[in-house]
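See below for the structure under consideration.
Count residues from 1 along the sequence.
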Amino acid sequence: MTLGSMKDPQLGGSPAALPGASLQKACKFLVLFCALHLCVTLVYYMSGWDLRIFHYFVENQQHQASSLINSTYGDDMLPSVVPSTTDVTPAHTKDIVGNCAETSPLLVGPLRVEFNIPVEINEIIKANPSLMEGGRYKPSECKALQKVAIIIPFRKRESHLNYWLYYMHPVLQRQQLDYGVYIINQDGSNTFNRAKLLNIGYMEALKDYDYDCFVFSDVDIVAMDDRNIYRCFSQPRHISVALDKFGFGIASKGMSISRPDSVTGKCRMIHHNRDDKNDPNPKRFDLIARTRQTMNTDGINSLSYNVLRRENFPLYVKITVDVGNP
């Protein structure tokens, strides 16, 4: 038997090589390589780079390293390893979505809006399974560009509200808005104070969420085109242009009114008789004429009211308030 590759230390030769030493070195190399992989993955994730390029590089290097070990030591010298099927991608990276498009790809354009067939609340709830309690919604496929509170002044218009919810919830969802619907219900029989209810809605909605856009809507007006987006622009926007009868403008604060075109901005109104205690204010034109002088002191900064009830329903939040004397 030839013992030329083994030398006895007692005979003055060099120490014998330990069995498996080369394998241990190879395993150490793999451990270091995996650690490097993890560190670089974290760096690329924090910098927002596309990991697909890096993964391709790593897989290629791993393949080369594996081939080198196999060719050097042989398969019979390597430990048996079962490939892991566990996805090691951090869980929070899977939840990251980009911003929604400026124009939603879900829009369908003109809609058929009819008010001759009654709709029931339960039917509307079943048709909108993605809504959260209180009529809240946010798209899951992307991050909405704005957080929108829809404010509706209200008193004794349940049938109108059902139509609004039936048509508008699907529209708002296709517009990929992060939105909530607030019904501001005036209690009592005093003169209906629409403007004050809108201000109250603004204040109350901000207690729920950090909305950055507010859309004021009447309960009897429904959009007939989902391209008429219920969100904010650089200037105040008049959404229901097809119902505009007076052609008013705002210039006191250096603002102008923006509008969609007359086709996209077409809305349909539910015809009804004027409610009791909702007669036109005989002083309204005088009040409008003095808006420039009163707008800095009359409004949000002088708002007073009492919340009597706050109810979260599946399709909206209803806030019943006492607005006081007009």
Side-chain angles (χ1 to χ4, degrees), residues 103-128 130-131 135 137 146 148-177 179-186 192 194-195 197-198 201 213-233 235-249 257-276 278-280 313-318:
T103 301
S104 169
L106 307 178
L107 303 180
V108 299
L111 308 170
R112 182 176 180 179
V113 177
E114 302 289 346
F115 301 132
N116 56 345
I117 301 177
V119 293
E120 300 295 333
I121 284 292
N122 289 338
E123 176 186 353
I124 306 171
I125 294 173
K126 291 180 181 178
N128 295 275
S130 298
L131 288 180
Y137 174 83
Q146 293 182 357
V148 183
I150 313 292
I151 311 296
I152 301 178
F154 183 85
R155 186 168 66 182
K156 299 178 180 179
R157 294 285 191 86
E158 281 72 17
S159 62
H160 296 173
L161 177 59
N162 286 1
Y163 283 123
W164 193 97
L165 298 168
Y166 176 78
Y167 285 110
M168 290 308 302
H169 266 307
V171 166
L172 298 171
Q173 292 171 53
R174 290 199 299 273
Q175 293 179 355
Q176 295 183 317
L177 302 176
Y179 74 90
V181 176
Y182 291 84
I183 307 301
I184 312 302
N185 179 45
Q186 180 173 326
F192 188 68
R194 179 181 182 275
L197 293 173
L198 295 177
C213 176
F214 297 85
V215 174
F216 303 125
S217 175
D218 289 317
V219 72
D220 57 358
I221 295 179
V222 174
M224 299 183 69
D225 194 314
D226 61 7
R227 295 171 298 175
N228 190 2
I229 309 299
Y230 276 55
R231 66 177 180 85
C232 292
F233 296 80
Q235 298 289 344
R237 189 167 181 85
H238 185 206
I239 292 176
S240 56
V241 295
L243 297 178
D244 184 7
K245 300 178 180 178
F246 305 109
F248 56 88
I257 299 295
S258 66
R259 296 179 173 87
D261 62 72
S262 59
V263 175
T264 303
K266 187 177 181 181
C267 295
R268 186 165 187 183
M269 174 182 274
I270 304 173
H271 296 288
H272 58 87
N273 297 325
R274 182 176 291 276
D275 300 336
D276 293 337
N278 194 23
D279 295 329
F313 293 101
L315 300 173
Y316 56 88
V317 174
K318 184 177 182 180

What distance do [X] atom [atom1] and [Y] atom [atom2] have between them, rounded to the nearest 0.5 Å?
{"X": "Met224", "Y": "Thr264", "atom1": "CE", "atom2": "OG1", "value": "12.5 Å"}
{"X": "Asn128", "Y": "Met168", "atom1": "CG", "atom2": "CE", "value": "11.5 Å"}
{"X": "Ile229", "Y": "Leu172", "atom1": "CD1", "atom2": "CG", "value": "9.5 Å"}

Pairwise side-chain contact, [X] with [Y], heavy-atom cut-off 4.5 Å (strictly under):
{"X": "Trp164", "Y": "Ile152", "result": "yes"}
{"X": "His160", "Y": "Phe154", "result": "no"}
{"X": "Leu177", "Y": "Gln146", "result": "no"}
{"X": "Leu131", "Y": "Gln173", "result": "yes"}
{"X": "Arg194", "Y": "Gln186", "result": "no"}
{"X": "Ser104", "Y": "Arg227", "result": "no"}
{"X": "Val222", "Y": "Phe115", "result": "yes"}
{"X": "Leu165", "Y": "Ile121", "result": "yes"}

With side-chain contact (heavy atoms from CB on, under 4.5 Å) as the test, would you mind laying out the steps for Cys267 and Asn228 before giving the verdict? CA-CA 9 Å; Cys267 295; Asn228 190 2; 4.2 Å; yes
Can you sort out the partners of Pro314 under side chain to side chain contact (heavy atoms under 4.5 Å, CB included), two or more places apart, ordered by chain and number?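 By the side chain to side chain contact (heavy atoms under 4.5 Å, CB included) rule, Pro314 matches Ile125.
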Classify the angle between the aromatic ring planes of Tyr163 and Tyr167 as parallel (below 30°), tilted (30 to 60°) or perpendicular (above 60°).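 Answer is parallel, since the angle falls under 30°.
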Hey, what's the ring geometry for His169 with Tyr179, parallel, tilted or perpendicular (30° and 60° as the breaks)?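 His169 vs Tyr179 ring planes: tilted.
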In sequence, state the C-alpha distance, the side-chain angles, and the governing distance for Ile183 and Phe313, and then conclude on side-chain contact (heavy atoms from CB on, under 4.5 Å). CA-CA 10 Å; Ile183 307 301; Phe313 293 101; over 6 Å; no
Over all atoms of both residues, closest heavy-atom pair of [X] and [Y]:
{"X": "Pro110", "Y": "Asp225", "value": "N-OD2, 3.6 Å"}
{"X": "Val148", "Y": "Val215", "value": "CG1-CG2, 3.7 Å"}
{"X": "Leu198", "Y": "Pro153", "value": "CD2-CD, 3.6 Å"}
{"X": "Ser217", "Y": "Ile150", "value": "CB-CG2, 4.4 Å"}
{"X": "Asn162", "Y": "Ile124", "value": "O-CD1, 3.4 Å"}
{"X": "Asn185", "Y": "Arg155", "value": "OD1-CA, 3.7 Å"}

Residues which pass salt bridge (Lys or Arg N to Asp or Glu O under 4.0 Å) with Glu158, listed by chain and number, not counting sequence neighbours: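 Here no residue qualifies.
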Flag, side chain of Asp226 to backbone of Leu107, donor-acceptor distance under 3.5 Å: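 No, Asp226 side chain to Leu107 backbone: no donor-acceptor pair under 3.5 Å.
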Is it the case that the side chain of Gln175 and the backbone of Tyr230 share a donor-acceptor pair, with hydrogens and angles ignored and the cut-off at 3.5 Å?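 Yes, because the side chain of Gln175 sits within donor-acceptor range (under 3.5 Å) of the backbone of Tyr230.
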